[in-house]
2 protein chains.
Amino acid sequence: MTENLPKVRAPSIRDVARLAGVSHQTVSRVLNNHPSIRESTKARVLQVMADLQYRPNRAARALSRGRSRTIGILSAQSSEYGPASSIAAIQDAAREAGYYVNTANLDTVDQESIEAALMHLMLQAVEGIVVIAPQVRVFDVLEQLSITVPFVSLQSTGHLDDHALSVDQIAGARLATRHLIDLGHRRIYHLAGPQDWIEAEARMRGFLDEMGAMDVPTTAPILGDWTADFGYHAGRELFGRRDFTAIFSSNDQMALGLMHAARDAGLDIPGDISIVGFDDIPEAAHFWPPLTTVRQDFGELGRRCIALLLSNLPGSEPIADREPIMPRLIVRESTAPPAF
Amino acid sequence: MTENLPKVRAPSIRDVARLAGVSHQTVSRVLNNHPSIRESTKARVLQVMADLQYRPNRAARALSRGRSRTIGILSAQSSEYGPASSIAAIQDAAREAGYYVNTANLDTVDQESIEAALMHLMLQAVEGIVVIAPQVRVFDVLEQLSITVPFVSLQSTGHLDDHALSVDQIAGARLATRHLIDLGHRRIYHLAGPQDWIEAEARMRGFLDEMGAMDVPTTAPILGDWTADFGYHAGRELFGRRDFTAIFSSNDQMALGLMHAARDAGLDIPGDISIVGFDDIPEAAHFWPPLTTVRQDFGELGRRCIALLLSNLPGSEPIADREPIMPRLIVRESTAPPAF
DNA sequence: TGTTCACATGTGCACGGTCACAAATGTGAA
DNA sequence: TTCACATTTGTGACCGTGCACATGTGAACA
């Protein structure tokens, strides 16, 4: 006589209900903190839950409520410090708010790949999407697929106000630029990020704004790809010309590449050339020379991002705190007055 | 007469069935590629699905099958390059295999925080867990909570064979150590990672093994925390002594901190001291000097990791390919024969 | 004593799939 | 023609939770 294995099904609210001598609905009410439950009943139910090691079944919940409590992150270059920190911060904030996070990485940013990643998120029934990627293209695809979930992008250029978080990248870039100008530099290059990243655009804008405001003539920014390798190659070319005394790089990695190229060219930093980065990755303080850069508070960024996204969900009030987060200039040893 | 809003419920399997003139079960069969479905029927159903933009509801599926198709990642220091790359690789591999990934970050690695993160994952009904964190402690907690999901750790020390992926960290560390010995170094320090990270332990083991095998006397490794800051402070102390000619650091960030401290101490690298790192982060080639290090293939790592995890799920065959992934030594300019 | 009302709890079904089993249809050999 | 059997399709229950609605209970009040 082959005995059936006592299939260990996880306890459900009905199991709890039976043992507590109440109906399953009462258990459900306890779970959801319904106001009108007698204290004694609630205590009894909670006790049984603890005894049974009861865990609510998320799938069942999602099914009956029609809400998944999951948000999606669409991310590119997610192993770099900036994106990685943002992702971590967002996940923490989401967990705090009782949400789950699913990340879809983009290896390439072509249409097809973006579509695939978005599909993955939609199949998962995400309630909202955070975009950490070349946002312009992603938005195009979102529109094409007529996807209707609320979404949030991490940075602001000013004209996407509904969806954008006001981390003041522009102000950060102005800070960096102003620092160089104040030191006496007048011929300053900007090594920008990819044009379709909103962060890159904002930092470039900040650079141009500040140069304009201070009446310093500018040259066209160089468009990079965020990597140290690009910074290095751009540097090799730039340092052949030497028609400038400072460079503002839109992230720390490219700044590192630039410094490498400067050494190859026999130039001293900051003696011959000043360099400013952006992000303040943890390694920046240990570069040679330690890098002057702009620090962002990624933790705060993540919290705000989730707050904004949740406020866009149906049935929520608009968010209160939309003050921009201000980045901070961290002065180290890669900047100095120009040699004349 | 207020007309009810035509509540836009997503089309279900039954909607498809009605329009295709079949039963809902037939639609389900089409979805799951059941073998005995007439081609013509299948085509018709697929057509209707396309017309309706039908998307299967994941929650319903999870509920009725009792399987969530989700795996969890438990990660610490997830914005550093190593963990971040692993996470990205695992997510890609999981998506490839039709799985969803949920990441829980650990800010601190105390009992409480690990429990909270594991709870988050369990509530989500993950089918398996990948641990990228101080694994020793996590395993303790897993046991305490009597959690029964299969789990996989990213690296192997050899004695955790069921759950561990054979990335040969030990061999990588031996490669690095051997390189220093071959250059003629005899007094070599090891700056290790935190003791409860299995990667750290494996790299230390590799170092000690190789030193032993080559009959070179060793000193006790220094236990660090993976950060460049720690490398810097350790370096300040070490370079006061100078009773050595080379250091093998168990990751690139700490190596960077060491190089920073060396410059502060007026030492030339590699003239006075040789340094080897581990990971080959993209910035390592642009350090000053460019760092000799050990490269791991994170993409392959992620794929294997998922393959191993899925093979541990009930109803799967044991995995075929358990050959260890071999890391590669990348020789740059931070190592040279010792000065005598 | 009956009426009203707030509070506390119970009943039954819906959510969108899958599963076990039954039924219908087709196919070929006796 | 009939039976055996494989192929294809349908029926109804079920997974665990939340919702709408019904019901029971006791206090306050006329």
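These values consider heavy atoms only, across backbone and side chains, with no hydrogens, waters or symmetry-generated copies. Each chain gets a letter, A, B and so on, in the order the sequences are listed, and its residues count up from 1.
- Across every strand in view, dA30(C) sits in a pair with dT1(D) that passes the Watson-Crick or G-U test at under 3.5 angstrom.
- Counting to the nearest Å, the P atom of dC15(C) and the CD1 atom of Ile13(B) are 14 Å from each other.
- Straight-line distance from the CG atom of Leu63(B) to the P atom of dT18(C): 11 Å, rounded to whole Å.
- Place Arg44(B) and Ala60(B) on DNA chain D by their nearest nucleotides, and Arg44(B) ends up nearer the 5' end.
- In terms of phosphate contacts, Thr41(B) brings a side-chain nitrogen or oxygen within less than 4.0 Å of OP1 or OP2 of dT9(D).
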* **Test log, rule side chain to side chain donor-acceptor pair (under 3.5 Å), inputs Asn102(B) and Thr70(B)** => CA-CA 7 Å; Asn102(B) 199 293; Thr70(B) 298; over 6 Å; no
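- As rounded to whole Å, 15 Å separates atom P of dC7(C) from atom CD of Glu39(A).
- Base engagement by Ser36(B) is indicated by at least one non-hydrogen atom pair under 4.0 Å involving a base atom.
- Judged by distance alone, with hydrogens and angles left aside, the side-chain atoms of Ser86(A) form a donor-acceptor pair with the main-chain N or O of Gly82(A) at under 3.5 Å.
- Taking atom CG on Asn57(A) and atom P on dC15(C), their separation rounds to 18 Å, with Å as the unit.
- Taking 4.0 angstrom as the limit, Arg61(A) places a side-chain polar atom (N or O) nearer than this to OP1 or OP2 of dG18(D).
- One can find a donor-acceptor pair under 3.5 Å joining the base of dG10(C) and the side-chain atoms of Arg29(A).
- Distances shown here put a side-chain N or O of Thr26(B) below 4.0 Å from the OP1 or OP2 atom of dG10(D).
- Here dC15(C) presents its C1' atom at 10 Å from CZ of Arg14(B), a figure rounded to the nearest Å.
- At a threshold of 4.0 angstrom between heavy atoms, the contacts of Val22(B) are confined to the sugar-phosphate backbone, with no base atom among them.
- Within 4.0 Å (heavy atoms only), Ile37(A) reaches sugar-phosphate atoms of the nucleic acid but no base atom.
- Minimum atom distance to the side chain of Arg38(A) is reached by dA8(C), of the listed dG16(C), dA8(C), dG10(D).
- Remark: C1' of dG17(C) and CG of Asn32(B) are 9 Å apart, rounded to the nearest angstrom.
- Enclosure of atom CD in Glu96(A) is not indicated, since only 12 or fewer non-hydrogen atoms of other residues, nucleotides or ligands lie within 6.0 angstrom.
- Phe298(A) does not carry Arg303(A) over the face of its six-membered ring by the limits of under 6.0 Å from the centre and within 45° of the normal.
- Rounded to an integer number of Å, the gap from His24(A) NE2 to dT11(C) P is 8 Å.
- Atom-to-atom, CD of Gln25(A) to C1' of dA20(D) comes out at 10 Å; the value is rounded to the nearest Å.
- Here Ser23(B) reaches the OP1 or OP2 of dG10(D): one of its side-chain N or O atoms lies under 4.0 Å away.
- At the heavy-atom level, His34(B) lies nowhere under 4.0 Å from the strands shown.
- In this structure, Arg38(B) CZ and Arg44(B) CZ are separated by 9.5 Å, a value rounded to the nearest 0.5 Å.
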